[in-house]
Amino acid sequence: IILWNSALKSLAEGDSPCDAIRLFHRLCDASLTPDTFTCSFVLKACSRLMENSIGRTVHGYVVRLGFTSDLFLQNTIVHMYSSSGLMDDAQRLFDKMPQRDVVTWNILITQYTKWGEMEAAHELFDQMPERSVTSWTAMIAGYVQCKKPAEAIRLFGQMEEAGAEPNEVTVVGVLAACADLGAMDLGRRVHDYLNQCGYQKNVRVCNTLIDMYIKCGCLEVAQKIFNEMQERTIVSWSAMIGGLAMHGKAEEALGLFSKMTQIGLRPNNVTFVGLLHACSHMGLVDEGRRYFASMTRDYGIIPKIEHYGCIVDLLSRAGLLQEAYEFIKNMPIKPN
RNA sequence: UUAUCACCAGAACUCC
């Protein structure tokens with residue numbers, strides 16, 4: 001069963017979680033008895049696929065196998081229901097659980113925020129017996145995601161008052177809120193703080209810092225952080241390219257893009273939005289068209305509505321209205 | 001041997 005579990009784990013965490021479910025069925029057919037680990041991996045696969053009907057079946061197995069007192073597994077089930085849209089089922093299970101831990105609460109809080117139900121999330125947050133850093137972070141990130149950055153920052157203040165230590169993930173949320181608000185003063189303070197903690201080595205932290213400085217109009221600092229990063233991801237590059245475009249530095253954006261491809265990093269669809277945006281603001285019609293073509297030809301990226309939007313924008317700004325109109329009429333996807 | 005919670009980048013319109 002251990003071997004099966006290991007295989008299940010990697011499938012559940014890989015890019016084809018439905019294979020984990022298939023394997024689980026084979027395991028059952030082979031009349032092996034799943035243990036708690038087995039169940040947790042299938043449930044994880046279900047969560048990732050938003051497969052709540054299979055998830056419910058697995059929940060049934062868990063009950064039949066007598067695993068209901070395993071808190072770890074119960075939490076996984078709460079996660080499965082809530083992340084796949086069945087908040088009511090999740091809440092019902094939560095309500096009748098004989099014991100809960102901070103993770104149980106965090107899961108439900110996070111999922112309420114994901115579905116935009118900040119009031120419900122906050123109510124749970126107020127009710128929970130003890131809060132971990134994750135609880136605070138989940139709420140802060142939730143407010144950011146719901147476009148309430150001021151609330152996020154207010155909560156961050158309360159977190160400090162409560163004496164909880166923010167970690168890397170927390171600061172990402174706070175920095176994102178600063179970016180949305182253009183609150184560079186607080187952003188800088190957080191930046192100082194994270195330098196002291198050594199968090200500046202974290203790629204996601206740096207990416208968010210870059211984004212924050214860009215949104216606050218401080219391109220130089222963003223660029224400096226980008227240059228000094230020990231390791232960059234596609235997000236780092238895309239943020240920087242998009243930032244340069246945002247500030248009218250199309251040449252530099254295009255230059256950075258070619259540097260990126262030279263080192264063999266593959267752009268993704270977001271990178272192309274930034275690039276096309278740069279072209280559109282500089283009136284680089286031909287370049288824009290070339291990048292648009294290269295996107296699919298060289299990188300196999302299927303353009304989405306936002307890419308078509310960029311081209312329409314590019315053509316229209318350049319005064320090529322007729323062509324823009326033709327382009328819309330010929331789009332293979334439905335224009336919005 | 002293995003399991004559960006939080007975090008990063010993107011166009012156009014409006015406002016700033």
**OP:** Please work out which of the three classes, parallel, tilted or perpendicular, describes the rings of A:Phe41 and A:Phe37, given edges at 30° and 60°.
**Re:** tilted
Original post:
According to the interplanar angle, ranging from 0 to 90°, do the rings of A:Phe327 and A:Tyr308 count as parallel (below 30°), tilted (30 to 60°) or perpendicular (above 60°)?
Top reply: tilted
Original post:
Hey, does A:Asp70 reach any base, or is it just sugar-phosphate, or nothing, if we go heavy atoms under 4.0 Å?
Top reply: base
**OP:** Go through the steps for A:Trp237 and A:Phe257 under the test ring pair (Phe, Tyr, Trp, His ring centres under 6.0 Å), then give the verdict.
**Re:** CA-CA 8 Å; A:Trp237 289 90; A:Phe257 177 76; 9.5 Å; no
What is the separation between atom [atom1] on [X] and atom [atom2] on [N], rounded to the nearest whole Å?
X	N	atom1	atom2	value
A:Trp237	B:rA9	CH2	P	19 Å
A:Leu73	B:rU2	CG	C1'	13 Å
A:Arg100	B:rU4	CZ	C1'	16 Å
A:Leu11	B:rA3	CG	C1'	15 Å
A:Met295	B:rG10	CE	C1'	11 Å
A:Lys9	B:rU4	NZ	C1'	12 Å
A:Asn75	B:rU4	CG	P	11 Å

**OP:** Mind listing the residues from residues 260-270 of chain A sitting with a heavy atom below 4.0 Å of RNA chain B? Number order is fine.
**Re:** A:Asn268, A:Asn269, A:Val270
Please list, for nucleotides 5-8 of chain B, all pairs of protein and nucleotide N/O atoms separated by less than 3.5 Å.
residue, atom, partner, partner atom, Å
B:rC5, O2', A:Thr110, OG1, 3.3
B:rC5, O2, A:Asn106, ND2, 2.5
B:rA6, N1, A:Asn167, ND2, 2.9
B:rC7, OP1, A:Lys114, NZ, 3.0
B:rC8, O2, A:Asn207, ND2, 2.6
B:rC8, N4, A:Arg204, NH2, 3.2

Original post:
With a cut-off of 6.0 Å (strictly less than), are more than 12 heavy atoms of other residues, nucleotides or ligands near NZ of A:Lys329?
Top reply: yes
**OP:** Would you indicate whether A:Ile263, at its atom CD1, is surrounded by more than 12 heavy atoms from other residues, nucleotides or ligands within a distance under 6.0 Å?
**Re:** yes
Subject >> Qualifying residues under salt bridge (charged side-chain N to carboxylate O under 4.0 Å, His left out), relative to A:Asp89, sequence neighbours excluded >> reply: A:Arg56, A:Arg92
**OP:** Mind checking salt bridge (charged side-chain N to carboxylate O under 4.0 Å, His left out) for A:Arg154 and listing every partner two or more places apart, or none if nothing turns up?
**Re:** A:Glu151
Original post:
Does A:Arg266 count as lying over the ring of A:Tyr299, i.e. NZ or CZ under 6.0 Å from the six-ring centre, within 45 degrees of the axis?
Top reply: no
Original post:
Between A:Asp95 and A:Arg100, what is the shortest heavy-atom contact and its length?
Top reply: O-NH2, 3.3 Å
Subject >> Which atom of A:Val203 lies closest to which atom of A:Ser236, heavy atoms considered >> reply: CG1-OG, 4.2 Å
Original post:
What string of B, S and - do you get for nucleotides 11-16 of chain B, 5' to 3', if B is base contact, S is sugar-phosphate-only contact and - is no contact with any protein heavy atom under 4.0 Å?
Top reply: SSS---
**OP:** State which residues pass side chain to side chain contact (heavy atoms under 4.5 Å, CB included) with A:Ile54; sequence neighbours excluded, sorted by chain then number.
**Re:** A:Ile21, A:Cys46, A:Glu51, A:Val58
